[in-house]
Number of protein chains: 2
Amino acid sequence: MKYPNTKKLIVEKALDYFSNNGYAGASIRQIARAVGIRESAIYNHFKSKEEIFLAILSEFKPRSLSEKIMSDDLLDELDNPEKFLQDFAKRLIEYWNTPKERKFIRLLLMEQFTKIGSLELSVSDYINELRGISKLIFSEMIKNNIAKKYDPEILAEQFTAPLFLIRTEHLAKDDKIDFEKVSVMVKKHVNFFWNSIKL
Amino acid sequence: MKYPNTKKLIVEKALDYFSNNGYAGASIRQIARAVGIRESAIYNHFKSKEEIFLAILSEFKPRSLSEKIMSDDLLDELDNPEKFLQDFAKRLIEYWNTPKERKFIRLLLMEQFTKIGSLELSVSDYINELRGISKLIFSEMIKNNIAKKYDPEILAEQFTAPLFLIRTEHLAKDDKIDFEKVSVMVKKHVNFFWNSIKL
DNA sequence: TGATTATATTAACGAGCGTTCATTAGGGAA
DNA sequence: TTCCCTAATGAACGCTCGTTAATATAATCA
């Protein structure tokens, strides 16, 4: 019989426990039991609890958001700016709504202040990724004379902040959520935002 | 000599440790040492660690924000709406910047997902307080024909979300921060917001 | 004053923690 | 088959955890 990919399973189950109980509140024994092995077997794959934590974080480095969200068919819509923004926001919250991202935002919010988390986790780093993309979009819109000549950074902030708040409030907890309701909130936000900046 | 108010000291130091290490990551012994007593003496004042946690939360029930922020001289400025909003936002972040509120927002963000925190802590509950006040303000502005006839709830959301994000990013960590820089960010936000809704 | 009450100490408990070690089982390469 | 390496086990380590019990001390009150 082939070996199952235990290392991957450990990271997976560790994310479950860390994101619900916090790093300090989760134990190696819990994780091992969830994987289906004894706690000592964990140390064949990781040399410490901290190393498991860092292995999780390495999967969520702030980068490549635009790859995951942007695509050619989205960029084709740039001549219909509101539709573009709506679709962009829609893809964003769909991505944030995936199970792994929901777990990660919990981990990020929980551990950003702790000793172990503060070294590697920064809310700003993750939001800055989205800010950067947004700034590019709005700079382009201004250049093309379809949006008012505001500071693109402020526009990025105004576009981004309500989305991140929706993520924090509705796309973090493990509960079943009414995603349709969240979608409506996002649509209303983007609609208001676009009406504020369109020429 | 009179007894020092040990109970209050325990709550104070517990907030320090809980807000930096999380509930699970902080120990009764750490807290006791910070207070200057042995861990067993804690139990003369609280019957469990959980009771200390709940005592902290009872100091931060979501209410009375308007009492802390609003005042007559602020309401007198309602005929100068932008100045009113600027001063309102300024008082808000000054309040959020107090040491206790900085610690509490960390505790809230960290513990909202854990077993013990999820019963009593909800980010939405705290933001809703601000949303309610904001909604009242904007309803009044619309009625007085000084703001565009948007849905007051959306206006409250647009006004509130960037402020809460600033709180999360810049008014939570224990570091020394450049408060002047934060003030400028808030001013820019309020200015953009007002320009979007003014008649 | 003496009795009472509140607050502290020291010591210990059972449990769980992260981690290590010696040993065993099993799949891949020679 | 034999050898090796990976991955598992069970037992134990030293430590810390939250909590309790017995006891001492210091402030309050009759």
Side-chain angles (χ1 to χ4, degrees), chain A residues 1-58 107 110-111 113-121, chain B residues 1-58 107 110-111 113-121:
Chain A
M1 212 212 309
K2 260 196 78 181
Y3 285 129
N5 198 338
T6 306
K7 186 160 189 168
K8 204 171 170 183
L9 252 181
I10 292 170
V11 173
E12 205 175 302
K13 297 299 182 183
L15 176 56
D16 283 345
Y17 280 97
F18 287 162
S19 66
N20 283 319
N21 307 337
Y23 177 80
S27 80
I28 295 282
R29 280 172 177 82
Q30 284 179 317
I31 296 165
R33 197 172 310 125
V35 172
I37 57 176
R38 305 285 136 196
E39 66 272 16
S40 53
I42 295 259
Y43 292 86
N44 287 319
H45 304 275
F46 298 94
K47 67 182 222 286
S48 66
K49 186 185 184 183
E50 180 168 353
E51 205 179 80
I52 302 176
F53 182 74
L54 296 177
I56 292 174
L57 296 200
S58 73
L107 194 69
M110 292 175 92
E111 296 299 330
F113 305 118
T114 64
K115 199 161 195 185
I116 188 165
S118 62
L119 302 172
E120 305 265 348
L121 284 172
Chain B
M1 211 213 306
K2 260 195 76 181
Y3 284 128
N5 198 339
T6 305
K7 187 160 188 168
K8 205 173 169 182
L9 251 182
I10 292 170
V11 173
E12 205 176 299
K13 297 299 182 183
L15 176 56
D16 282 345
Y17 280 97
F18 288 163
S19 66
N20 282 320
N21 307 338
Y23 177 80
S27 80
I28 295 281
R29 281 172 177 82
Q30 285 179 315
I31 296 165
R33 197 173 310 127
V35 172
I37 57 178
R38 305 284 137 197
E39 66 271 18
S40 52
I42 296 258
Y43 292 86
N44 286 321
H45 305 275
F46 297 94
K47 68 182 220 288
S48 67
K49 186 185 183 183
E50 179 168 354
E51 205 179 79
I52 302 175
F53 182 73
L54 296 176
I56 292 174
L57 296 199
S58 73
L107 194 69
M110 291 175 93
E111 295 300 329
F113 305 118
T114 65
K115 200 161 194 185
I116 187 166
S118 61
L119 301 172
E120 306 265 348
L121 284 171

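Throughout, protein chains are lettered first and strands after them, A, B, ... in sequence-line order, and every chain is numbered starting at 1.
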Any N/O donor-acceptor pair, B/Ser40 side-chain to C/dT10 base, under 3.5 Å: yes
By salt bridge (charged side-chain N to carboxylate O under 4.0 Å, His left out), B/Glu50 pairs with (sequence neighbours left out) none
Who pairs with B/Ser27 by side chain to side chain donor-acceptor pair (under 3.5 Å), at least two apart in sequence or on another chain? none
Partners of B/Arg29 by salt bridge (charged side-chain N to carboxylate O under 4.0 Å, His left out), sequence neighbours excluded? B/Glu39
Hey, could you give me each pair passing ring pair (Phe, Tyr, Trp, His ring centres under 6.0 Å) that has a residue in residues 24-43 of chain B? Not counting sequence neighbours. none
Heavy-atom contacts under 4.0 Å between residues 11-37 of chain A and DNA chain C, which residues? A/Ala26, A/Ser27, A/Ile28, A/Arg29
Report the distance from atom CG of A/Leu54 to atom CD of A/Glu51, rounding to the nearest 0.5 Å. 7.5 Å
Which residues pass the side-chain contact (heavy atoms from CB on, under 4.5 Å) test with B/Lys7, sequence neighbours left out? B/Asn5, B/His45, B/Phe46
Only distances under 3.5 Å count here; give the side-chain donor-acceptor pairs of residues 8-21 of chain B to other protein atoms, sequence neighbours excluded, each with its distance to 0.1 Å.
| from | atom 1 | to | atom 2 | distance (Å) |
| --- | --- | --- | --- | --- |
| B/Asp16 | OD1 | B/Lys103 | NZ | 2.8 |
| B/Ser19 | OG | B/Leu15 | O | 2.7 |
| B/Ser19 | OG | B/Asp16 | O | 3.1 |
| B/Ser19 | OG | B/Arg106 | NH2 | 3.2 |
| B/Asn20 | OD1 | B/Arg106 | NH2 | 3.3 |
| B/Asn20 | ND2 | B/Asp16 | O | 3.1 |

Is there a side-chain contact between A/Arg38 and the phosphate of D/dG10, meaning an N or O under 4.0 Å from OP1 or OP2? yes
Spacing between A/Glu39 atom CD and D/dG10 atom P, to the nearest angstrom: 10 Å
Could you tell me the separation between the CG atom of B/Leu9 and the P atom of C/dT7, rounded to a whole number of Å? 13 Å
Donor-acceptor pair, side chain of A/Gln30 and main chain of A/Ala26, under 3.5 angstrom: no
Does anything in residues 41-58 of chain B reach DNA chain C, meaning a heavy atom under 4.0 Å, and if so which residues? B/Ala41, B/Asn44, B/His45
